**Student:** 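Quick one: this structure, given as structure tokens, is what I'll be asking you about.
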Number of protein chains: 2
Amino acid sequence: MVKVPRGPTRDVIVKAAISLFNTKGYDGTSIRDIAAEAKVNAANIAYYFRNKQGLLEYCLTSFYEIYIEELEKGYSLLDKGAEFCLKNIVERLLRYQCEHPQLTRLILREMSIDSQMVREIMSTYLVKERYYFRKVLEKGIEANEFRRHSVPYSILQIKGLLSMPFLNTQYVSEVLYVFPHEKYFADKYTSEIHRWINAVLCKEHNGNREHLMLL
Amino acid sequence: MVKVPRGPTRDVIVKAAISLFNTKGYDGTSIRDIAAEAKVNAANIAYYFRNKQGLLEYCLTSFYEIYIEELEKGYSLLDKGAEFCLKNIVERLLRYQCEHPQLTRLILREMSIDSQMVREIMSTYLVKERYYFRKVLEKGIEANEFRRHSVPYSILQIKGLLSMPFLNTQYVSEVLYVFPHEKYFADKYTSEIHRWINAVLCKEHNGNREHLMLL
DNA sequence: AGAGGAGAATTTGTCGTTATTTTTATAGAG
DNA sequence: CTCTATAAAAATAACGACAAATTCTCCTCT
């Protein structure tokens, strides 16, 4: 965990860094770029975050701290039923990701690189994430709410459904064209994933067969 | 399209480049890295591919040429029904991607960066890809095979399902643990997506409600 | 006055690229 | 078959640009 001095300059730097990492990639962004974008001196970044890697670590951890908190809030509802719990988790995570689309995209991308650095930073969070998902799905099968299915595969699918909209702007732009108000996107997309949960995971379910048309 | 001299050295370079781009990212890989990995001199890369970007272009286009060909082969079966056609497309694309996991991952990652370069190289192929998917889905709705649904959203989902396994090795490793023989992964995963097509897209369908359990 | 935050300059290293040279392969003439 | 002219392929060396990190200097508060 990175310990970082506080101050208004710090937040300006973080904001600029996230934006640039997002559009140009971590390796493609220089400290000078960030300094220019944030309108601060390059040496300040070293002061606040020790070095470039420290800045990235701070961005990632500060995001995932909250992300896992949201996940845990949803998970705490497991006693109200696996389906309800899973849908709540999906809603929370999606809303949070929609509030931080740049970071979400950045993480998805940098995670796919074999740099030990990002892997190490994230691995703790990812283990937790998978753990909670697995518990919910297993509980659902146990409680006869969900059909028997391959849990790791379903986790992979859920994670994919949650990640997709942030990964490829080309495809998302088409969806956003259909859902023009971005602020409603989280809600709309949440309900789409809920329909997926109904159709693929749940056993026979009232309303399961309703039309998928949203337009 | 890039015109590139032939020769055994060229293929060695391409192989090394794909491997390194995949693990370290395009910006994170230097021409010297590639040269070292391929055990050739750095200047040869410039000789063969003009410059670093030329090398990337060659990697991407040579992949996507075949990718689109496979897509078109599947699309040509549209008169045999939208469901059949879509499943065939999925099977082809997934098999092809499984044969080139590194390139698939590389493309997914670099596409998500706002570099005009990659975007420009890929845009033609992506337009074609979306066009074919859209046609198949619209045909399916028209022919009353598929339920009415949001086509752009479904394309996003299909594309996501196809991309997921290559994006995040952490999650995939769990799936591969379940399906230990990698060569069968394409088949297994294809059948999972087929089940998705049945559950989410198709109207009432015999065998639709069978268990999803694969183990 | 002194501590700590911010800017400037310097150092060191690496990047992509190019210009040039050396080696290898190919083909034609004697 | 040999020798040489010619082109292709590969290796070498070096340039200019810019990156990150470090150090030094200046400024501003209490």
Side-chain angles (χ1 to χ4, degrees), chain A residues 2-60 106 109-110 113-118 120-121, chain B residues 2-60 106 109-110 113-118 120-121:
Chain A
V2 219
K3 256 296 173 232
V4 165
R6 319 189 91 269
T9 311
R10 190 196 59 168
D11 299 327
V12 176
I13 293 172
V14 169
K15 198 177 167 193
I18 291 173
S19 170
L20 287 175
F21 286 160
N22 175 52
T23 51
K24 301 169 65 174
Y26 176 75
D27 286 314
T29 305
S30 73
I31 287 194
R32 286 171 158 77
D33 292 338
I34 300 170
E37 174 82 13
K39 293 191 178 65
V40 302
N41 189 280
N44 281 341
I45 297 175
Y47 169 75
Y48 279 108
F49 304 97
R50 213 171 58 83
N51 54 28
K52 194 182 168 187
Q53 176 177 341
L55 175 53
L56 179 64
E57 279 184 37
Y58 179 81
C59 294
L60 299 188
L106 167 64
R109 177 172 352 102
E110 300 299 331
I113 296 182
D114 264 344
S115 83
Q116 313 85 342
M117 183 203 350
V118 181
E120 282 168 14
I121 300 173
Chain B
V2 217
K3 255 295 172 238
V4 163
R6 320 187 90 271
T9 310
R10 188 196 61 167
D11 299 327
V12 176
I13 294 173
V14 168
K15 198 178 168 192
I18 290 174
S19 170
L20 287 174
F21 286 160
N22 175 50
T23 52
K24 302 170 64 175
Y26 176 74
D27 285 317
T29 305
S30 74
I31 285 195
R32 286 173 170 81
D33 291 337
I34 300 170
E37 174 83 12
K39 295 194 178 61
V40 301
N41 191 281
N44 283 341
I45 296 175
Y47 170 75
Y48 278 108
F49 303 97
R50 209 169 62 83
N51 54 28
K52 195 182 172 187
Q53 176 177 342
L55 174 55
L56 179 65
E57 279 185 39
Y58 179 81
C59 295
L60 299 188
L106 167 64
R109 175 170 357 99
E110 300 299 331
I113 297 183
D114 265 344
S115 84
Q116 313 83 345
M117 186 208 339
V118 182
E120 282 168 14
I121 299 173

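So that the names make sense, note that chain A is the first sequence line, chain B the second, and so on, each numbered from 1. No experiment lies behind these values; they were computed from the predicted model shown.
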**Student:** Hey, does the side chain of Tyr47(B) come within less than 4.0 Å of dA9(D)'s phosphate (OP1/OP2), counting only N and O?
**Tutor:** yes
**Student:** Given atom CZ of Arg50(A) and atom C1' of dA21(D), what is their separation to the nearest angstrom?
**Tutor:** 11 Å
**Student:** Could you check how far CZ of Arg32(B) sits from P of dT14(C), rounded to whole Å?
**Tutor:** 9 Å
**Student:** On a heavy-atom basis, which atom in Asn41(A) and which in Ala35(A) lie closest, and how many Å separate them?
**Tutor:** C-CB, 4.0 Å
**Student:** Which whole-number value in Å describes the distance from Ile34(B) CD1 to dT14(C) P?
**Tutor:** 17 Å
**Student:** Within less than 4.0 Å of OP1 or OP2 of dA11(D), is there a side-chain N or O belonging to Asn44(B)?
**Tutor:** yes
**Student:** Starting at CD1 of Ile31(A) and ending at P of dT11(C), how long is that distance when rounded to a whole Å?
**Tutor:** 20 Å
**Student:** Without swapping roles, check the side chain of Glu110(A) against the backbone of Tyr26(A) for a donor-acceptor pair under 3.5 Å.
**Tutor:** yes
**Student:** Looking only at side-chain N and O atoms, does Asn22(A) offer a donor or acceptor that is under 3.5 Å from a partner on Ser19(A)?
**Tutor:** no
**Student:** Give a yes/no answer on whether the side chain of Ser30(B) brings an N or O atom under 4.0 Å of OP1 or OP2 in dT14(C).
**Tutor:** no
**Student:** Under 4.0 angstrom, heavy atoms only, what part of the nucleic acid is Asn51(B) near: base, sugar-phosphate, or nothing?
**Tutor:** sugar-phosphate
**Student:** Looking only at non-hydrogen atoms, find the nearest pair between Asp27(A) and Lys24(B) and report the distance.
**Tutor:** OD2-O, 3.8 Å
**Student:** Whole Å only: how far is the CD1 atom of Ile13(A) from the C1' atom of dG5(C)?
**Tutor:** 12 Å
